[in-house]
There are 2 protein chains.
Amino acid sequence: MSIDREGVRAPYLQLADILRTRIQTGEIPTGRKLPSQMELEQEFDLSRNTIKKALDVLKAEDLIETAPGRGLFVKNSKAE
Amino acid sequence: MSIDREGVRAPYLQLADILRTRIQTGEIPTGRKLPSQMELEQEFDLSRNTIKKALDVLKAEDLIETAPGRGLFVKNSKAE
DNA sequence: ATCCATTTGTTCGTATGTATT
DNA sequence: GAATACATACGAACAAATGGA
């Protein structure tokens, strides 16, 4: 899965979609760590700001939480 | 019991939790010595700085006291 | 008293990772 | 993208207290 820079949907929303899918399908289970922001930068070739914007979306959806100095963690892999 | 390095909770807090439980359950009674910092390093595979940080937490909770050159001691095994 | 081993206390440097501006 | 701040962890070094031989 990659980002379509020419698409209508903003890249940060595309990234949020991709990560949301990984979480909701259980590909990354609750409590597990997500790739670091730097790894996401490389994987999707997006700037840090864009990564952060996507993560903010997932945080607002209560799907992930961030732990300063530790990483990104899946909060709810399924709706409950 | 061991430390989950991938967990959301920082290792030093996990260690504090583990030791707090051992104390509060009476597994290590009041006045008894805890394993030395070096032994804790080996048991949990953490650096001494991290061990120390966990001990600082328990000291702040008045659960243990440290004696330079002697070791770590349980102050209150139960709430009183 | 001297020496040595053990243990805690403290500090510095380095690395990683997130948050903020 | 860049710079700065903060949180966490590791490693290393040295000091100081203690206790045994």
How would you summarise protein contacts on nucleotides 10-17 of chain D per nucleotide, using B for base, S for sugar-phosphate only and - for none, with heavy-atom distances below 4.0 Å?
BBBB---B
Under 6.0 Å from the NZ atom of A/Lys33, do we count more than 12 heavy atoms belonging to anything else shown?
yes
Tell me what A/Leu72 touches on the nucleic acid: a base, only sugar-phosphate, or nothing, going by heavy atoms under 4.0 Å.
sugar-phosphate
Which part of the nucleic acid, if any, lies within reach of B/Lys59 when heavy atoms closer than 4.0 Å are counted: base, sugar-phosphate only, or nothing?
sugar-phosphate
Residues two or more places apart in sequence or in another chain: which of them pass side-chain hydrogen bond (donor to acceptor under 3.5 Å, both in side chains) with A/Arg48?
none
Partners meeting side-chain hydrogen bond (donor to acceptor under 3.5 Å, both in side chains) with B/Thr21 (sequence neighbours left out):
none
Looking at residues at least two apart in the chain, or sitting in another chain, which of them share a side-chain contact (heavy atoms from CB on, under 4.5 Å) with B/Gln14?
B/Ile3, B/Asp4, B/Arg9
Would you please name every residue forming a side-chain contact (heavy atoms from CB on, under 4.5 Å) with B/Arg32, sequence neighbours left out?
B/Ile28, B/Pro29
Under 4.5 Å between side-chain heavy atoms, hopping through other hydrophobics if needed: is there a path connecting A/Ile18 to A/Val74?
yes
Same cluster or not: are A/Leu63 and A/Leu34 linked, directly or through other Ile, Leu, Val, Met, Phe, Trp or Tyr residues, by side-chain heavy atoms under 4.5 angstrom apart?
yes
Taking the nucleotide of DNA chain C with the closest heavy atom to each, which residue, B/Thr66 or A/Thr66, is nearer the 5' end?
B/Thr66
Using chain B heavy atoms and a threshold of under 4.0 Å, write down where along DNA chain C the contacts begin and end, 5' to 3'.
C/dT7 to C/dC12
B/Glu65 CD - D/dT18 C1' separation (whole Å)
15 Å
To the nearest 0.5 Å, what is the distance between CG on B/Leu72 and CD1 on B/Ile64?
5.5 Å
